[in-house]
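Keep in mind that the numbers below use all heavy atoms, side chains included, and drop hydrogens, waters and symmetry copies. Position 1 is the first residue of the sequence; numbering continues from there.
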Amino acid sequence: MLRQLCKSLSCAPGLPARGLARTMSTRQPTSVEAGIADPAAYCKDLVRKRDYESYLIGSSYPRHFQGAFFALRAFYVELASVQDSVSNSMIGKMRIQFWRDAIKNIADGRPPQHPIALALHDASQKANLPAYHLRRIIDARDAELHTPTHLTVESLTAHAESTSSTFLYLLLSLLNLSSSSTFSHAASHLGVAQSIHVLLRALPYHASKGRMVIPAEITARHGVRQEDVLRTGGNAEGISDAVFEFATVANDNLLTAREMFKEAGGDGGKVPRVAMPVFLYGIPTRDYLGRLEAVNFDAFQPSLQLRDWKLPWRLWRGYYQLDF
């Protein structure tokens, strides 16, 4: 893992590290036709170009599971990008339906000729990947086409549980760890924290598109007016307070996820080595929240859009210290 993460340090550290909703552009890193010849390489390259943090985390998985990890993450990236890559909801629903049909056909042993679908089929032959988790992610992204914003934290938390947390459940299944209630409960909270981290990091992008990703109950409490955010960004009245409250929800869930391992006993609250690849997702989230606090919760600070060149080292350290 150290060798693979060190290679990642050669990537330009000054490149923007946008949120998933921004980095998951419609431009494919390689053509779908070419990807059919080597689905595993296609998925890995897609994740490398559109989800850098996951690309780094992938190297922590046992070699024989890395192809399955990148297949699952490519699927997740593809679904998360639907909202921003279509001109209207009808086209989005057509793409969503393709993936509904694809999951059914994969289960029947008839994957469509799409590199991600082919890679998912191969992954399903190596591990028990519950189809209902895949369908849950699809359903959540379908609902997102109609309700891209949330009125309450409770609503957003439910969406995060159906997307980020469910993806972590798939990773636990990949490693044959889904029977552990400790792992599952920790993954549930980590997924919520990770979702909020991604939304906050992409707040400037969403604001430029006329969307407010912070739940309305929070923005209303701090007197935030969406038009002011669109016009003045981080200078809008109340926005930094709203960001602080939203970030606190993320941090509370991150702390709860970590507490799960302390309550379970074991090696001083450490994450068992076999599960550490799944919980490495907590490290980029903790890192971003720390950087956000350092700029007084101004989510529009340009420095927050720069890739953290220390992240490969932090992931390596977290993996070997069994902590996130």
Residues [X], [Y]: salt bridge by 4.0 Å N-O rule:
X    : Y    : result
R135 : D139 : no
K310 : D308 : no
R221 : D241 : no
D323 : R317 : no
K104 : D101 : no
R141 : E78  : no
D84  : R211 : yes

Side chains of [Y] and [X]: any donor to acceptor distance under 3.5 Å?
X    : Y    : result
T166 : E161 : no
S54  : D51  : yes
H189 : T256 : no

Verify same cluster id: F279, M260 (apolar side-chain graph, 4.5 Å):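 The answer is no; the residues belong to distinct hydrophobic clusters.
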Taking a hydrophobic cluster as the set of Ile, Leu, Val, Met, Phe, Trp and Tyr residues connected by side-chain heavy atoms closer than 4.5 Å, whether directly or through intermediates, do L170 and V278 fall within one such cluster?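 The answer is yes; both residues are in one hydrophobic cluster.
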At their closest point, which heavy atom of D142 faces which heavy atom of K93, and how far apart are they?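 Nearest pair, atom of D142 first, then K93: OD1-NZ, 3.0 Å.
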For residues I116 and Y42, report the shortest heavy-atom separation together with the two atoms involved.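 Heavy atoms only, the tightest pair is CG1-CE2, 3.9 Å.
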Side-chain contact test, heavy atoms from C-beta onward, threshold under 4.5 Å: evaluate it for [X] versus [Y] and give yes or no.
X    : Y    : result
I239 : I214 : yes
R201 : L304 : no
L292 : F244 : no
R258 : F324 : yes
R136 : T163 : no
T149 : V213 : no
Y169 : P130 : no
E245 : F297 : no

Quick one: list whatever passes ring pair (Phe, Tyr, Trp, His ring centres under 6.0 Å) with H121, sequence neighbours left out.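 None.
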[atom1]-[atom2] distance between [X] and [Y], expressed to the nearest 0.5 angstrom:
X    : Y    : atom1 : atom2 : value
Q194 : N253 : CD    : CG    : 12.0 Å
H146 : Q83  : NE2   : CD    : 11.0 Å
L56  : Y52  : CG    : OH    : 4.5 Å
I96  : I91  : CD1   : CD1   : 13.0 Å
L168 : L72  : CG    : CG    : 11.0 Å

Taking the six-membered ring where the residue is Trp, are the ring centres of F167 and H133 under 6.0 Å apart?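 No, ring centres 6.0 Å or more apart.
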Evaluate the side-chain contact (heavy atoms from CB on, under 4.5 Å) criterion for residues I36 and H114: first the C-alpha distance (whole Å), next the side-chain angles of each, then the deciding distance (0.1 Å), finally the verdict. CA-CA 6 Å; I36 291 174; H114 186 288; 6.0 Å; no
